[in-house]
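Chain naming here is simple, since letters A, B, ... match the order of the sequence lines and numbering starts at 1 in each. On a predicted model such as this, the values are computed, not experimentally measured, just so you know.
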Number of protein chains: 2
Amino acid sequence: MYRAPVSEIVFTLERVAGASAPLRDGLFGDLDEATLRAVLDEAGRFAAEVLAPVAAVGDRVGASWAGGAVTMPPGWKEVYRRWREAGWASLTAPPELGGQGLPACVSVAVQEMWNAASMAYGVGPTLTLAAVEALEAHASEELRRLYAPKLASGEWTGTMNLTEPQAGSDLGALATRAERAADGSYRIFGQKIFITYGEHDMAGNIVHLVLARLPGAPPGTKGISMFLVPKFLPDADGAPGVRNDVFCAGIEEKMGLHASPTCTMIYGGGHAGGEKGAVGWLVGEENRGLNCMFTMMNSARLAVGIEGVGVAERALQQATAYAVERRQGRAPGQPEAGMSPIIAHPDVRRMLLSMRSLTAASRAICYACAVAIDRGRLEPDPGARASWRERANLLTPVAKAFSTDAGVEVASLGVQVHGGMGYIEETGAARLYRDSRIAPIYEGTNGIQAIDLATRKLPAAGGETIRAYLRELAETAAEARASNRAGMARIADRLAASLEDLSVATEHLLAGLAKGDIAGVLAGATPYLRLFGLAAGGAYLARAALLSDAGGDAERLRMAIARFHADRHLPETAALRVAIVEGAESLTEAPPELLAG
Amino acid sequence: MYRAPVSEIVFTLERVAGASAPLRDGLFGDLDEATLRAVLDEAGRFAAEVLAPVAAVGDRVGASWAGGAVTMPPGWKEVYRRWREAGWASLTAPPELGGQGLPACVSVAVQEMWNAASMAYGVGPTLTLAAVEALEAHASEELRRLYAPKLASGEWTGTMNLTEPQAGSDLGALATRAERAADGSYRIFGQKIFITYGEHDMAGNIVHLVLARLPGAPPGTKGISMFLVPKFLPDADGAPGVRNDVFCAGIEEKMGLHASPTCTMIYGGGHAGGEKGAVGWLVGEENRGLNCMFTMMNSARLAVGIEGVGVAERALQQATAYAVERRQGRAPGQPEAGMSPIIAHPDVRRMLLSMRSLTAASRAICYACAVAIDRGRLEPDPGARASWRERANLLTPVAKAFSTDAGVEVASLGVQVHGGMGYIEETGAARLYRDSRIAPIYEGTNGIQAIDLATRKLPAAGGETIRAYLRELAETAAEARASNRAGMARIADRLAASLEDLSVATEHLLAGLAKGDIAGVLAGATPYLRLFGLAAGGAYLARAALLSDAGGDAERLRMAIARFHADRHLPETAALRVAIVEGAESLTEAPPELLAG
């Protein structure tokens, strides 16, 4: 049973992550608070009533492959049809493509719900959205006209084809090749692996965006181009026509996400009969394919971050329900007679509060990142746009990595709250744990995110982007300090200390970059990202508590979460600071040869 | 591919965990270092060559149930036969039962290897060992004579039947009942769940130790008795005879450990035909069943801790091999041409060193616990025996919980090192991750272990047991301080700081117990156990480094591990101290009602 936490989502989005200002200023067109709430209510209902019920069968039966075709689990095709017909596919697509043109911050809130209902489902639409984005930004008018509306409506779905066996994190190593054809199209040859929803039976056509090399292209990432390769070539009416020479050679047997087919795709294997070579068209310029990828990168990475939030919320709800229901032992302060619900045991509440605070902190970070993405596109002033874009760039790796690590941690705590039942598949806690584990890996591993943050995002604008952000977070600490609510002073102290840790670590890494000590900076990258997420998350949780003075249960709960995070998670930042500032040698002086044995 | 790290195991056991003193003093009979090494070498060979190869098929095919019978995966029956014939079942059994009478500290080292090769296999023998132990300590001469030798040789296997649907962590709630029969035997009626290897086809008979209530027994844990219930009643020759009325009603579909059948057992369901009621015999005294369980508790919990170590070692080896093989990107300081092996990337080395230090720390804690168990049994002086028993009691919950949490953490890092391949089942990294996740749950959840440590083990001997242990660890810090090896001073500083954190947290909890603030103590229990494990583990790693001055690779590696742990893990203890000393209110003031929504 999933219940979409719409009120909490709206509160976080508008008040904590700062969507209310652009909303009020008309940056999102005629979207107002009432409409926003209505959209989220409706999405919550769909997620809970239509999508969530097929998650378990999706996991148990999984997608299956035979002879190049992939059959989705029972009920999934129908759910996709209803989802598309309800207009969810086109939420963020521009009105000229028949979409509703809603901003990224609404999209991300809605995506949280799809992922909470079923992460295996939620990962699919993300890719189609990314494809629309790439086409809008880079494709020719003709390609756009032919493909974008069908992708935007969800009639067709999209994929991203990056990875090859020898080219994962290092795209420079990819070997798929493209040849120019006489008619201006291209023929693609090669093998791509780990292609999410590369093949399935829910949509009439599948549009692959494929990275490949042209003859004579420079080596490495500077010689990569992007091609659009449809499963079926559109006919004169734009309907799916001739079968293209792109085939799914199999799907992976994965630890989780069983309903999401992870495909090996063969381009130009001659499987369609006739001449070999998958027909494709160039998107953007030759050898600038990585640029096209980067267009999608921020929103795609944020979309993965929100998978972590969705799974975490679902695990939290499930563990809470179990902890209320299940009775074992007698907790301190509980009646002598009978067993206490396990939620009365302090250690179980520790787990539930840890789950809550990590979930809420991750949600706030992801939403704040989405708001920055929107303002970076929509602010009328070019300077403001640029500075919000920098903010979005800064927050994206944190949103991706911190939230997906949190997703795994929360799902693991969810298993633990269930005790032995958590290890049994029937409760669903195990599924969330298995599903969550991919998110720290794909769309750039969390290690890559940390490197991106430390080596590319920190030095942006001479370090002023991060410093401005830190000043903003410090204002929250100051407000907490100025409040006279019980418990707020301690939250303020801890938050200020963590922000100081973050500031010191930031300057340490910036200084390391300035003096070219790359190995030293890389050694601190992952602890730095975690420190960033804990401290920024702590500021958002404190802000949520500060804004909650009505005295109701939701308000008291926000205070309890902020306090728990301050007492139990924020002290970790001092340890991370030590690892960053003093711990580089523990890696740089342990050479590969020593660890290889 | 598993390669048993026998040299490291021997070094840790003898030098770090302190087995060399009792070994030298003849406490282990005629066991000497050469024999010990030979036994471990042989076990390592069996684990690597015979056991490890069936792990993957065990996971893929799993144990299967039909009509009350459980069929083990292909090859498992044969492996069990070879394992038993090689004498591994009877390693620790007393010579009068045909066993080799080796101490617990050897057994635990060998168990590490079984678990590394296949945790689904390793969990089985543990239960049989526990059954032998219980029978030796509590059963009548007749029961012992009839059952103990067959269990000791592995001809028959044993189980522990505690859990019922409503009675998991709270055994007081169990409802299985026993009726006295005219011949002095009993008839057992009830349902037990989560019974590991409750049914299988590898041995001629299965001997269940079952907790049940006699008519009129006091409620709660004071009214529980233990019964021996064989699958087949021994005939006049002691061979398996009439089928008893105990049947396996099904096995659980679990996240991992697929080859280990987790059985629902029905006692007295009438499935054998004839009169209803499973025939059983009392072990120990009536209503003292929990006492019999406690006999096995320390070694059973330690056995679970070592599962964590085994899985961690395996995950470490696999991730290391992958990191040496797999090439992506160019790491700092690596040649321009071609891609670097990922082990050259600092963030990958961070993961590998984190895996190494957690594995080595957990191993040392488990082995030190085993040595304490042995000395608590074998020391000639009663005072020494008592004080080693206290030490074993103290270390047991840490060995169980810290090591199994480490197992999950290390397995998760192992997945991450593999990137996308880690999520695919074929590499085996995913299996280790799934398998490892049960260990923090069973044999008393890690939350229960933390409560046991904080509320029962700390106050033992008025707090002197823990204080004496802390003084011993402080000696290692002092030795590190006195050493003039490069880097040792910093290790000494960090270790001393962490031991101070542990000491302060210990006194805080003892004071809390003294003033009856149970809720406050429980709120700090889990952070306290983690703090204990990190600090004690840090002392053992420092000791290992101190003892390694030969300058070879193994020695340099131990230094690198101790240093990494000091720089990257020990700083966490300050945060845990804050959570313990100042964080109780974050739980006690967040009442169940607030979190239930």
**Prompt:** Where on Arg326(A) is there a heavy atom nearer than 4.5 Å to chain B: the side chain, the backbone, both, or neither?
**Reply:** side chain
[atom1]-[atom2] distance between [X] and [Y], expressed to the nearest 0.5 angstrom:
X	Y	atom1	atom2	value
Met255(B)	Arg431(A)	CE	CZ	12.0 Å
Tyr423(A)	Ile438(B)	OH	CD1	6.0 Å
Asp170(B)	Arg330(A)	CG	CZ	11.0 Å
Arg349(B)	Leu587(A)	CZ	CG	6.5 Å
Glu572(B)	Glu572(A)	CD	CD	6.0 Å

**Item:** Among the listed options Val324(B), Leu570(B), Val415(B), the residue most often paired with chain A at heavy-atom distances under 4.5 Å
**Value:** Val415(B)
Where does [X] contact chain A at under 4.5 Å (heavy atoms): side chain, backbone, both or neither?
X	answer
Leu257(B)	both
Val348(B)	neither
Met351(B)	neither
Ala344(B)	both
Pro219(B)	neither

**Item:** Tyr433(B) six-ring centre to Arg437(A) NZ/CZ under 6.0 Å and within 45° of normal
**Value:** yes
**Item:** Donor-acceptor pair, side chain of Gln328(A) and main chain of Gln166(B), under 3.5 angstrom
**Value:** yes
**Asked** Is a side-chain N or O of Gln416(A) found less than 3.5 angstrom from the main chain of Thr445(B), in a donor-acceptor match?
**Response** no
**Prompt:** Which heavy atom in Asp553(B) sits nearest to a heavy atom in Leu594(A), and how many Å separate them?
**Reply:** O-CD1, 3.7 Å
**Arg494(A) and Glu582(B) ion-paired at < 4.0 Å** = yes
